[in-house]
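Below: the structure, in structure tokens.
In what follows, chains are A, B, ... by sequence order, proteins preceding strands, each numbered from 1.
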Number of protein chains: 2
Amino acid sequence: MTTVASKTYSIKELADEFGVTPRTLRHYEDQGLLLPERQGQNRIYSGADHARLAWILRGKRVGFSLQEVGEMLDLYDVGDGRETQRAVTIERCRDRIDALEAQRDDINATIDELQEFCELLANLKKNRKTGTWVRRDTGEPLGVYAPRKTA
Amino acid sequence: MTTVASKTYSIKELADEFGVTPRTLRHYEDQGLLLPERQGQNRIYSGADHARLAWILRGKRVGFSLQEVGEMLDLYDVGDGRETQRAVTIERCRDRIDALEAQRDDINATIDELQEFCELLANLKKNRKTGTWVRRDTGEPLGVYAPRKTA
DNA sequence: TAGGTAGTTGACGTTAACGTTAACGTCAAG
DNA sequence: CTTGACGTTAACGTTAACGTCAACTACCTA
């Protein structure tokens with residue numbers, strides 16, 4: 001039986017691959033989100049760390065704080081495996097899913113509104129007489145939100 | 001022709017309705033996101049302000065900074081209406097949409113993963129012999145990400 | 001006339017998520 | 001043997017998005 005030396009990374013390798021700085025990885029470690037092994041002083045990241053980092057960054061992209069990401073990662077820690085603990089984990093997991101679905105709805109709504117506005121803009125033309133902008137189809141004037149007085 | 005006195009709000013009314021503090025609304029004003037009228041010293045928010053605030057808060061929920069929200073709101077300002085300006089606006093609008101769609105993909109991926117894990121958890125049972133947790137269906141042991149050493 | 005409630009403008013405090021700088025160790029290349 | 005790229009820790013700096021005073025005004029109301 002040979003030991004499979006699975007891929008490992010230096011701090012810069014991992015940072016570069018994900019487009020972040022080493023400082024960021026150390027920060028995530030301070031926050032308890034990563035815990036790479038050490039070779040003397042040096043951090044040495046495993047494939048699991050690689051996966052965790054992907055999770056963390058995606059969590060950030062969808063708007064979670066590092067703390068929240070940590071809590072989500074903790075969900076995967078069923079270490080002790082007590083029944084009650086497992087039930088709680090399941091519940092919190094479902095809560096997270098609900099929150100994410102709500103957020104997705106927000107995103108969809110925003111997309112829709114931007115899209116609508118985008119089409120309206122593309123459809124716009126200038127009225128020869130008044131010099132104002134009107135819709136090419138209906139001739140309606142433009143008016144979505146009150147423009148900000150650019151004081 | 002009668003003037004339609006459309007609905008207006010005091011700072012506290014508007015804040016309460018959206019579950020934020022008056023301070024927050026003043027802050028948004030400082031950042032140029034809102035510009036309510038005044039009755040003497042007092043701010044008086046219009047229906048348009050109400051709509052803008054809804055936009056702002058949804059933008060925040062989907063992870064935009066106030067500055068980004070401001071830029072998006074600016075898109076609706078086609079005041080001068082120059083052709084080039086309009087084209088730029090359309091393009092930036094589309095960029096935003098693309099970014100939002102990418103974010104939605106992230107969210108979906110996260111939801112899927114959580115859901116899968118949630119089901120796995122619900123499906124889990126303890127192995128009588130080893131005392132460890134295994135899947136009720138396949139008998140596979142649990143192992144998603146390396147658990148964090150709770151130092 | 002003294003409260004109480006709502007508003008105002010500063011201005012300083014706080015938290016999160018890093019950036020930045022300092023001061024130092026390590027190892028391979030020229 | 002020194003330069004350069006990489007690593008380390010420790011600690012202070014920065015930005016965003018408000019929170020939290022303080023000090024003041026205005027208007028009811030008991």
| request: Kindly check if the number of other-residue, nucleotide or ligand heavy atoms within 6.0 Å of CD (B:E68) is above 12? | output: yes
| Greater than 12 external heavy atoms within 6.0 Å of A:E116's CD | no
| query | Is there a donor-acceptor contact under 3.5 Å from the side chain of A:R86 to the main chain of B:L121? | reply | yes
| task | Look only at the side chain of A:D98 and the backbone of A:D95, and say whether a donor-acceptor pair between them is shorter than 3.5 Å. | result | no
Output side-chain donor-acceptor pairs under 3.5 Å for residues 10-19 of chain B, partner residues at least two apart or in another chain, one line each.
{"unit_1": "B:S10", "atom_1": "OG", "unit_2": "B:K12", "atom_2": "N", "d": "3.4"}
{"unit_1": "B:S10", "atom_1": "OG", "unit_2": "B:E13", "atom_2": "N", "d": "3.2"}
{"unit_1": "B:K12", "atom_1": "NZ", "unit_2": "B:D16", "atom_2": "OD2", "d": "2.9"}
{"unit_1": "B:E13", "atom_1": "OE1", "unit_2": "B:S10", "atom_2": "N", "d": "3.0"}
{"unit_1": "B:E17", "atom_1": "OE2", "unit_2": "B:H50", "atom_2": "NE2", "d": "2.6"}

Do [X] and [Y] have side chains that approach each other closer than 4.5 Å (heavy atoms only, starting at C-beta)?
{"X": "A:L57", "Y": "A:Y28", "answer": "yes"}
{"X": "A:I107", "Y": "A:I111", "answer": "yes"}
{"X": "B:L33", "Y": "B:R52", "answer": "no"}

| field | Chi angles and distances behind the salt bridge (Lys or Arg N to Asp or Glu O under 4.0 Å) call for A:E29, A:R38 | value | CA-CA 13 Å; A:E29 187 172 342; A:R38 297 288 183 130; 3.2 Å; yes
| note | Between its two end axes (five pairs each) the helix from C:dT1-D:dA30 to C:dG30-D:dC1 turns, nearest 10 degrees, through 20°
Contact list (N/O, under 3.5 angstrom) for nucleotides 25-29 of chain D vs protein:
none

| field | SB check A:R96 A:E71 (cutoff 4.0 Å) | value | yes
| Along DNA chain C, 5' to 3', what are the outermost nucleotides having an atom less than 4.0 Å from a heavy atom of chain B? | C:dG7 to C:dT9
| note | In terms of heavy-atom contacts, A:L75 and A:C93 come closest through CD1-CA, 3.9 Å
| side chain to side chain contact (heavy atoms under 4.5 Å, CB included) with A:T8: which residues, sequence neighbours excluded? | A:I44
| said: At a heavy-atom distance below 4.0 Å, what parts of residues 14-29 of chain A sit against DNA chain C? | reply: A:T21, A:R23, A:T24, A:H27, A:Y28
